[in-house]
Amino acid sequence: MTYDNNNIFAKILRGEIPCEKIYEDEYVLSFHDITPRKKIHVLVIPKGKYINLDDFNQKASNDEIVGLSKGISIVAKKLGISSEKGKGYRTLSNISEHGGQEVPHLHFHLFGGEKVGKMVE
Ligand code: AMP
């Protein structure tokens with residue numbers, strides 16, 4: 001599978017469509033999910049063109065991998081849901097067909113602000 005430059009998150013990264021931005025640095029962009037499933041539901045995406053976590057771990061540099069991992073914690077802290085500042089959250093990345101991935105640009109969901117509930121249905 002090749003990366004689709006026209007996926008919605010690629011367009012957000014290029015500034016072609018808006019997002020409700022929470023945080024941005026050299027490695028990541030974070031914004032609110034357009035259809036929140038919990039009180040707090042945000043996304044953290046790498047700036048590089050990676051389809052999913054497997055693609056990312058195969059092709060990304062170590063700096064990008066660390067940047068994304070740390071980016072998740074930075075965003076959680078900023079939102080007051082980190083284990084240090086708040087009551088915690090769930091992070092989730094859907095990978096390909098069985099994972100239920102809809103947007104083919106790697107993203108981590110962060111759910112919080114309330115009890116998140118069962119791990120899987
Ligand atoms: P996934 O099923 O893991 O690929 O999740 C894709 C997520 O992207 C869903 O939770 C959507 O609600 C969210 N989404 C789709 N379009 C946008 C958008 N323009 N801005 C913010 N979130 C979006």
Side-chain angles (χ1 to χ4, degrees):
M1 190 175 170
T2 53
Y3 182 82
D4 171 14
N5 277 306
N6 285 319
N7 77 73
I8 197 109
F9 294 168
K11 289 181 181 175
I12 287 176
L13 281 168
R14 290 196 296 267
E16 291 169 8
I17 63 165
C19 71
E20 218 185 309
K21 195 197 287 187
I22 296 154
Y23 175 76
E24 181 174 15
D25 64 22
E26 187 183 346
Y27 299 108
V28 300
L29 175 67
S30 175
F31 49 91
H32 288 274
D33 195 291
I34 206 164
T35 313
R37 272 84 159 183
K38 290 290 164 197
K39 212 168 183 179
I40 294 176
H41 180 183
V42 307
L43 301 169
V44 180
I45 72 172
K47 287 200 164 168
K49 297 177 180 182
Y50 302 106
I51 301 167
N52 58 41
L53 190 63
D54 292 339
D55 187 41
F56 182 69
N57 283 328
Q58 204 180 321
K59 297 176 187 159
S61 68
N62 287 349
D63 282 352
E64 287 176 295
I65 292 171
V66 171
L68 176 59
S69 185
K70 284 187 181 281
I72 290 170
S73 291
I74 292 168
V75 169
K77 201 167 174 180
K78 217 170 150 60
L79 293 169
I81 59 173
S82 68
S83 53
E84 186 192 340
K85 296 253 170 187
K87 293 189 169 176
Y89 61 101
R90 179 170 300 155
T91 183
L92 157 76
S93 187
N94 294 319
I95 298 166
S96 202
E97 190 186 339
H98 280 186
Q101 183 176 6
E102 286 170 11
V103 179
H105 180 110
L106 171 61
H107 51 282
F108 278 88
H109 297 259
L110 271 64
F111 301 101
E114 61 183 324
K115 281 220 169 167
V116 176
K118 273 209 294 192
M119 191 158 69
V120 283
E121 299 266 307

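Just so you know, these numbers use all the heavy atoms, side chains as well, and skip hydrogens, waters and symmetry mates. Note that ligands are numbered from 1 as they come in the structure, with each ligand's atoms numbered from 1 the same way.
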ask   = When clusters are formed by joining ILVMFWY residues with side-chain heavy atoms under 4.5 Å apart, either directly or through shared neighbours, do I45 and V75 land in the same one?
value = no
message = Less than 4.5 Å apart, side chain to side chain, heavy atoms only: is that true for M1 and P104?
response = yes
remark   = for atom 11 (C) of ligand 1, nearest protein heavy atom and its distance come out as D33 OD1, 3.4 Å
query = Hey, what's the ring geometry for F111 with H41, parallel, tilted or perpendicular (30° and 60° as the breaks)?
reply = tilted
query = What residue and atom, counting heavy atoms only, is the protein's closest point to atom 8 (O) of ligand 1, and at what distance?
reply = F9 CZ, 3.4 Å
message = Under a 4.0 angstrom heavy-atom cut-off, which atoms of ligand 1 come close to Q101?
response = 4 (O)
query = For ligand 1, which atoms have a heavy atom of T35 less than 4.0 angstrom away?
reply = 12 (O)
message = Just checking E97: does its CD atom have more than 12 heavy atoms from other residues, nucleotides or ligands closer to it than 6.0 angstrom?
response = no
inquiry  = So for C19, does at least one of its heavy atoms come nearer than 4.0 angstrom to any atom of ligand 1?
reply    = no
key: Side chains of L106 and D55 in contact at under 4.5 Å (non-hydrogen atoms)   = no
query = Can an N or O of I8 be found at a distance shorter than 3.5 Å from an N or O of ligand 1?
reply = no
request  = Pick one of side chain, backbone, both or neither for how H109 approaches ligand 1, counting any non-hydrogen atom pair under 4.0 Å.
outcome  = side chain
task = Answer side chain, backbone, both or neither: which part of F108 comes under 4.0 Å from ligand 1, heavy atoms only.
result = neither
query = Do H109 and N94 have side chains that get closer than 4.5 Å, going by heavy atoms?
reply = yes
task = Within a distance under 4.0 Å of any heavy atom of H32, pick out the atoms of ligand 1 and give their elements.
result = 21 (C)
Close approach of L43 to ligand 1, heavy atoms, under 4.0 angstrom = yes
key: Cluster check V42, Y23: I/L/V/M/F/W/Y, side chain < 4.5 angstrom   = yes
key: F31-ligand 1 polar pair, N/O distance under 3.5 Å   = no
request  = Number the atoms of ligand 1 from 1 as they appear, then name those within less than 4.0 Å of a heavy atom of N94, with their elements.
outcome  = 1 (P), 2 (O), 3 (O)
inquiry  = Give me the nearest non-hydrogen protein atom to atom 15 (C) of ligand 1 as residue plus atom name, then the distance to 0.1 Å.
reply    = I34 CG2, 4.1 Å
task = For G100, counting its heavy atoms only, list the atoms of ligand 1 lying under 4.0 Å from any of them.
result = 2 (O)
query = Which is closest to atom 5 (O) of ligand 1 in terms of heavy atoms, R37, H105, E102, H107?
reply = H107
Side-chain heavy-atom pair E64, Y50 within 4.5 angstrom cut-off = yes
ask   = So does K47 have more than 12 non-hydrogen atoms from other groups sitting under 6.0 Å from NZ?
value = yes
Result of checking F56, F31, F9 against H107 for ring pair (Phe, Tyr, Trp, His ring centres under 6.0 Å) = F9
